[in-house]
Structure formats: C-alpha cells, structure tokens
Protein chains: 2
Amino acid sequence: MNLLKHTLRHIEEVVLDSQGDIRKKFKAFAIPSGSLGRLEELATIYASIKGDLNCKLQYKKIFTMAGDHGVVEEGVSVFPQQVTEQMVQNFVAGGAAINVLARHIGAKVIVVDCGVASQLEAKQCLKIKKVGSGTRNMAEGPAMSREEAVRSIEAGIELIEEEMEEGLDIVGTGDMGIGNTTPSSAILAVLGKLDAEAATGCGTGLDEKMLQMKVGVIKKAIDVNRPNPNDPIDVLAKVGGYEIGGIAGLCLGAARYRMPVMLDGFISTAGALIANAIEPKVNKYMIASHVSAEKGHRMMLNLLNKIPLLDLNMRLGEGTGAALGIGIMEAAVKLLNEMATFHEAGVSDPYMTEGEPIVFE
Amino acid sequence: MNLLKHTLRHIEEVVLDSQGDIRKKFKAFAIPSGSLGRLEELATIYASIKGDLNCKLQYKKIFTMAGDHGVVEEGVSVFPQQVTEQMVQNFVAGGAAINVLARHIGAKVIVVDCGVASQLEAKQCLKIKKVGSGTRNMAEGPAMSREEAVRSIEAGIELIEEEMEEGLDIVGTGDMGIGNTTPSSAILAVLGKLDAEAATGCGTGLDEKMLQMKVGVIKKAIDVNRPNPNDPIDVLAKVGGYEIGGIAGLCLGAARYRMPVMLDGFISTAGALIANAIEPKVNKYMIASHVSAEKGHRMMLNLLNKIPLLDLNMRLGEGTGAALGIGIMEAAVKLLNEMATFHEAGVSDPYMTEGEPIVFE
C-alpha cells in the first residue's frame, strides 16, 4: 500500500500548453495554422507532459498484461482458460499480432504474468508479477481481496519503475486474459452507473444466447458483491482482474513519472477507468488509441472524455491498438521536432501576426 | 493520348479475395476470427491487388504533385501564388510535414512540378512534368485545353512507369498548389451534381466573407465553362488543375500495374474522382487514408464509396494523410506475413471448423 500511496502523492496535474510555446512553434511552421489537426494536439499533449518543447520520443514499450479469471467457469468465453497461457507463450515467441505491430513501430513488448492460472517462468521479455493463480469466480464472491487489488496496481507501478532504468518515453497498455471482457464490462457498469446489458458485448465472439448468459453473470456478480462505485479499489477487488489492476497501475505509475499512456481497447480502458477514479489527475496523461468493436468501449471513452485516434473495428487487445496509436504519436512528436518554419523555408506567411489558438477537445 | 488509351485498356478488375485463401490464412492465425477488423480488410485489399498471398510491402513512394492556378487572381486563397514554388523548395530541402512523415514510415517523397507558374530545375527528388506555367483563370474560361488535360494525366502515368524501375509497391498521392481547393470543389460540384455552396470549404483558412466570394467564383467557373459531367476529361480541362490531372494519372497508372493507391485529402480525392469517372475499375485500387477537415471531402469519399482510415481533423495536403495511411497499410501486410497460426503457436482454436467470412464495406 505504501507504493500506491507514495505514487498518488507524486502525480502532478498536466497543464496543456495549447496556447503557449508549443502553439507558437507550430504557428511558425510553414503550414496553414491548425492544418495538422490532431497531430498538433498529440504533440502538444506529449510536450506538455514532458515539459520540454524539444522532447524526443525514443523508448516505446507496450506492456501486455496477462491474467486469468475464475468467472470463466460460468461459460463467458468461447475460448478455454489455457489459451491465456498459450498466448503468453506466443507473445514470448514473437508470433502474435502485438509482436508484429510492435516491431512495425519499433517498440518493445513486455509480457507480464499478473495472475495467470498456471506457473510461468520469467524470461527476458516475460515478467512475473503474479498476484494469484487466476481470480476467483466473481459470480460467487469477490474476484480478489482488497489487498490483492492493491498489490495488482502496485505491480503495474513497479513495472514502470523497472523499465525506466533502461529508458521509457511512452507506455502502451495491452492485455491477455480469457474471460476478461466480463470483469471489464462489470467495471464499466459499476463506475458508469449503467445496466449490465448496456455495458456488455460479445467479447471474442459470443452468439446472442451466450451474450444473454454473460449479462446474467455480470448482473449476478454485481448483486452478490455490491461493489462501492465511490471506491475504485473495492470495484477492482470485487468484479475486476489482476491484469486490469496492473493496467491501472501502469497508468498511475506513468503519470507519476510524467509519461504519456497510450490506452489500448476495452480491457485497458477498464484499467484506465479504475486509475482515473483513484486519481483524476491521471486523465491528462492518457491517450485513447482506438475505439474497439466491443460494445461498451465508446461508453468507457466517453466517461474518460477521450476521442479515439482510430476506429478500425478491431477487438483483439494485446496492445494492438496502442501500437498503432504510438506510431501516430511518434509522427506527431517528429513534426514538432523536425519541421522547417516559414522563415527557415523562405515561405511567405500570411499569418505572421494573427491566427487564433486552436481549441482542444 | 496513346499512353492514356493504352493504360485504360490494360486496367484489370480487382477481385477482393475476402472469402478465399487470404481469409483462410487470417482464420488460421491465433486470434479470435475477425478481431483485426479493418487491418484484415487492408491486407486483403493489398494481397488481392498483388494477387499474391505472400506479398511484401517494401517500396513506398509519395508523389507530391505541384501546380499553380490562374483562379488565384480572384482572391480565393489567403496565401500568395509564389508559396507553391516556395513549398516545392521546402519539400526538396526536406523540411516540410510530408518529409517528416515520409521519413517516419520509410517512404520516399517524389516532388513533381506538374505546372508551377515559375521555372524549376529538375533534381533527384524533383521531377519536371510541367504541362503549363499555371492554369488559366477558370472563372473566365477553361483552366486548360483538352490536350493539356490529357497530358497532365499522362504525366502521372509516366511517373508510375519511371518509378517502377527502382521499385514501387504502393503509391501515396499528395498535392501542393495555392488555390487548388477551388478547382477541387468545382470538380466535386460537377461530378457529384452538387451546388457550389455544398462543395466548397474554407481551404487553408478563409473567413465567411472570403468563403462566399470563393463560392461565387466556383459558380461562375461552372456557368462560364459548362463542363460536361459525363466527360471527366472535359471537367478536368475546364475547372481542374495540372496537379489534379497528375493525381488522376497516378491512380490510373497504379491500377494498370496492379498497385494500391493511398489517397491523401481533398485535392487528391478530386483527382481520384476524375480517374474513377474515366475508368471505374480503378476504384478498388484506391484506399482513403483520411477524411480531411475540408468541408467537401466526406462527400467525395461517399461518391467513391470509401471509408477513411483516419479522421484527425487534418487539412494540409502534401500527402501527409497518405503517409499515415501507408504506415497502417504496411502494418496490415506485416500481420498477413508474420503472424503465427493457432497450430504453430500451440493455441487451442474453438473455431477450428466454423466462423463465417467477414464482410467488407
């Protein structure tokens, strides 16, 4: 609990410098004012977080957080539980979608066992931060204890601190855990004060009948546990997951060390909701990479007041959306660093003295 | 005219292999079926065009087509005409947004003088395909002759043939030309059968009064010239531009050699509309990288039946949207080439025998 408390005490508010030096730098570039749209916004977010007009984006890491879920015994996924471990091995071998996309953008993938149901051995790209061997079935009682919930968040914070040593400029979140759209929907329902129906989607591919059953399981889990919507750690403990807590910890740890967090899809955003409820200052460190095809994701993004960069109908997780988002963020930061000004390029500037500051979301 | 005729004769229909071998390959990957969304769609488009399940995406080139417009004497832009040439020099020096974004995705920028009003000298990355020294003022008569229109299209086709020698897997379009949203809006109005008001936006930054004046200029140009909406070369000649014809030529040339074309924003899509009206088979070779903030762009994309990959409120042109789009396309092609199957990864596959084909736009 000390690490979490200490981290929360040190998270500073980000003040977006959207009308100051960063805006001035963009206005001097040889382009019509504001014509880079959200690329200027992204560069402004990045440079404001770093507090440096000449900041670089070099070290990119995507944390693929894995955990198992006792609730799978209710039949909420079409995949068997052992797929979590099998996919962790696939990540380690480099053959998964997140490996391909991370290589594409020059990012490193850190796979983390936050609570897989089987024993895994640490490897260079696989870290063991196991809080338990899978959560308990939340339809019958709390998924984990309050202490375990705090421990899962602290594991995420520890990862940031460990990876900073080698270099870390931007954090991408990702997840793997058979059944984990179920706790994510439950978190959305509780924190967003929504009916289970509204918050629940088809995950990896449920049909209508299985979806109705999943809604029933989520309703039951909320009924049985009565998570307190004003206590996000209680929500995480009762209807969450170890990897979801880990993702919340990544968000809090990144904010504490002034790093942006590129959120992936539905499960990552569930973790972000927990982090945001614990400490709202974390919000401005978060960027939504994409909106997933999973039904409740846009509602989650609305709760965080985020407009996603991409809408490509993806619903895979692992950090795949975050990887694409980091590629766009890096492009934006390079524009801030590498573009020529009207003066340098010898281009006539009709806006030499005017132009109004652009307004961000 | 021979080159254009010859090119049109050799454009083949693309048959999207969305239920055949490509779909089978994606279904075998260790992911929930369909979970890569539009990334699978992009890879399918790419491999279908190439006709090769193991196709690579290596040589990426963005053609930034520059031209001047006689209509600027009507006051349709806040920038003076010499900015076209100044920006061409900025592209050559490597300091513009398109240079930064092309470096980011590992693409080469080919700057092309399609009809800049001043004399430019060819350089390694600057090709001279000048049809005229700026078009004539379309508010007073045709922007160019029919022969010049054909010549501008053939210049685009020639570029494809020249650049293929070194290697060319995907074509990105781009533009530079002070005043060129005006002919682009006129093309949209004529081919889309829209009022000039509906087709006209603020370009690089007009205020409401200047916008009304620009609408009046476009109305007048259409009134004076009476372009025939069923004859796209007549439309290009009367209310188009040299770089817009060049972009149409890039689309036709790319299709003739079975290469995908990543369209940039408003001006590029005006060129694509011309190409699409000349030969509808070109349509399936085109991908819309983004929807621009320029008012008429979404209407253009609707006419082409394209859903953009990105919506980042950009309105710069140069090929900047195309560069980001090519980055995403390359990610998709890498997924097709590099992912492990359920079998290779030792992951349990609940869909071993089922799963329905995904449906594209």
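Numbers restart at 1 for each chain; the letters A, B, ... are given by sequence-line order, proteins then strands.
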In Å, rounded to the nearest 0.5 Å, how long is the span from [atom1] of [X] to [atom2] of [Y]?
| X | Y | atom1 | atom2 | result |
| --- | --- | --- | --- | --- |
| Leu36(A) | Thr320(B) | CG | OG1 | 7.0 Å |
| Arg103(B) | Lys334(A) | CZ | NZ | 8.5 Å |
| Leu39(A) | Met314(B) | CG | CE | 4.5 Å |
| Phe29(A) | Asn90(B) | CZ | CG | 11.0 Å |
| Met339(A) | Ile98(B) | CE | CD1 | 10.5 Å |
| Leu101(B) | Glu338(A) | CG | CD | 9.5 Å |

**OP:** For the pair His104(A) (side chain) and Gly327(B) (backbone), establish whether a donor and an acceptor sit closer than 3.5 Å, ignoring hydrogens and angles.
**Re:**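 Yes, because the side chain of His104(A) sits within donor-acceptor range (under 3.5 Å) of the backbone of Gly327(B).
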
**OP:** Spell out, as yes or no, whether a donor-acceptor pair under 3.5 Å connects the side chain of Gln86(B) to the backbone of Ser348(A).
**Re:**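 The answer is yes, because a donor-acceptor pair under 3.5 Å joins these two groups.
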
Checking [X] against chain A: side chain, backbone, both or neither under 4.5 Å from a heavy atom?
| X | value |
| --- | --- |
| Glu85(B) | neither |
| Leu324(B) | side chain |
| Leu310(B) | side chain |

Original post:
Out of Val83(B), Leu335(B), Thr341(B), which one racks up the most heavy-atom pairs below 4.5 Å with chain A?
Top reply: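 With the most close heavy-atom pairs to chain A, the winner is Leu335(B).
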
Original post:
Looking at Val100(A), Asn313(A), Leu309(A), which one has more heavy-atom pairs under 4.5 Å with chain B than the rest?
Top reply: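 The residue among Val100(A), Asn313(A), Leu309(A) with the greatest pair count is Val100(A).
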
Original post:
If you tally heavy-atom pairs under 4.5 Å against chain B, which of Ala30(A), Ala93(A), Ala97(A) wins?
Top reply: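 Option with the greatest count: Ala97(A).
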
**OP:** Any chance you could lay out the side-chain contact (heavy atoms from CB on, under 4.5 Å) test for Leu312(A) and Ile328(B), step after step, and finish with the verdict?
**Re:** CA-CA 10 Å; Leu312(A) 296 177; Ile328(B) 295 171; 4.3 Å; yes

Original post:
Side chain, backbone, both or neither: which part of Ala331(A) has an atom under 4.5 Å from a heavy atom of chain B?
Top reply: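 For Ala331(A), backbone and side chain are both near chain B.
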
Subject >> Nearest non-hydrogen partners of Leu316(B) and Pro32(A), listed with the distance >> reply: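 Heavy atoms of Leu316(B) and Pro32(A) come nearest at CD1-CD, 3.6 Å.
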
